[in-house]
Trainee: 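Attaching a single structure in structure tokens format; questions to follow.
Order of appearance sets the numbers: ligands from 1, and atoms from 1 within every ligand. Atom set for the values below is all heavy atoms of this structure, side chains included, hydrogens, waters and symmetry mates excluded.
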Amino acid sequence: MTDKIRLRLDRALTRLGYGTRKEVRALIKSRRVTVDDEIVIDHGFIISDPEHTRIEIDGARIALRQHTHLMLNKPAGYLTAHKDSRYPVVFDLIPEELRTLQFTSAGRLDRDATGLILLTTDGELAHRLMSPKYRISKTYHVVFHGKPITSADESKFNSGLVLEDKTVCLPAKIEILSDQEILLTITEGKYHQVKRMMQAVGREVISLHRLSIGELRLDPDLEESEFRLLNRDELISLYEEVNLQINMDYL
Ligand code: URA
């Protein structure tokens, strides 16, 4: 980093997921936070040089980050949008303090779909994860109505399925789990892609759950509607997958 970023202590800790602004202020007031080995009780303390500042909570060093990245286990019924007048949106599921950050969703899920949503303040990361150029795989657990998937169907998926409107899809992979259930891995994100692919082979999607985006797997410990920050290893592999430099000083 060449430009110096100035950060307020309470804002930095909130962004990192240490609680709401109120909780973080109480934490600071309780003398558990040190900045360069000095106890700081002023929640508005400005970290003027985050790259070279050592922050500890209860004696354990915490890592400041330039960007914030969250994984969310989206429940059905929510739109992947910032706001909507009719339906709840995924941003309703994160605390207000985090909502004020400029998050982009790396790919959407339909309102009735569930599973992994990645929200990031790094627009370039989101863009690359969604761009067909990078061929980032997304795996979905699909439950469908109709006949079990045959090997003829599977080869259509593998060689590039043609949708009803003649759109040609990139090759996709299938793993058959049962007569009505598959794992489907695609490397692009066309509108309603999975539903349209299944429709093209005469099946109807009953439920759709995203399990992964590239190397990033939905944490099985996240209940529906819960979110958590990405950890260091997850970030390193995501940035690596899209050939993007990551500022290791912030990890
Ligand atoms: N494909 C779909 O049809 N819907 C989604 O939400 C994601 C992929």
Trainee: Could you please provide the protein residues found below 4.0 Å of ligand 1 on a heavy-atom basis, arranged by chain and number?
Mentor: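 Lining ligand 1 at under 4.0 Å, by heavy atoms, one finds Leu109, Asp110, Ala113, Tyr140, His192, Gln193, Val194, Lys195, Leu208.
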Trainee: By ring pair (Phe, Tyr, Trp, His ring centres under 6.0 Å), which residues pair with Tyr239, not counting sequence neighbours?
Mentor: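 Listed in chain order: His69.
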Trainee: Which one of Val142, Leu208, Leu161, Asp153 satisfies the side-chain contact (heavy atoms from CB on, under 4.5 Å) criterion with Met198?
Mentor: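 Only one option passes, and that is Val142.
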Trainee: Which residue pairs pass the side-chain hydrogen bond (donor to acceptor under 3.5 Å, both in side chains) test when at least one of the two sits in residues 156-167, sequence neighbours left out?
Mentor: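 Non-adjacent pairs meeting side-chain hydrogen bond (donor to acceptor under 3.5 Å, both in side chains): Asp165-Thr167, Asp165-Arg196.
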Trainee: Is any NZ, NE, NH1 or NH2 atom of the basic residue among Asp84 and Arg111 found under 4.0 Å from an Asp or Glu carboxylate oxygen of the other?
Mentor: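 No.
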Trainee: Would you please name every residue forming a side chain to side chain contact (heavy atoms under 4.5 Å, CB included) with Arg217, sequence neighbours left out?
Mentor: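 Scan of Arg217 (side chain to side chain contact (heavy atoms under 4.5 Å, CB included), adjacent residues dropped) gives Ser212.
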Trainee: Is Glu226 salt-bridged to Arg228, cutoff N-O under 4.0 Å?
Mentor: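 Salt bridge absent between Glu226 and Arg228.
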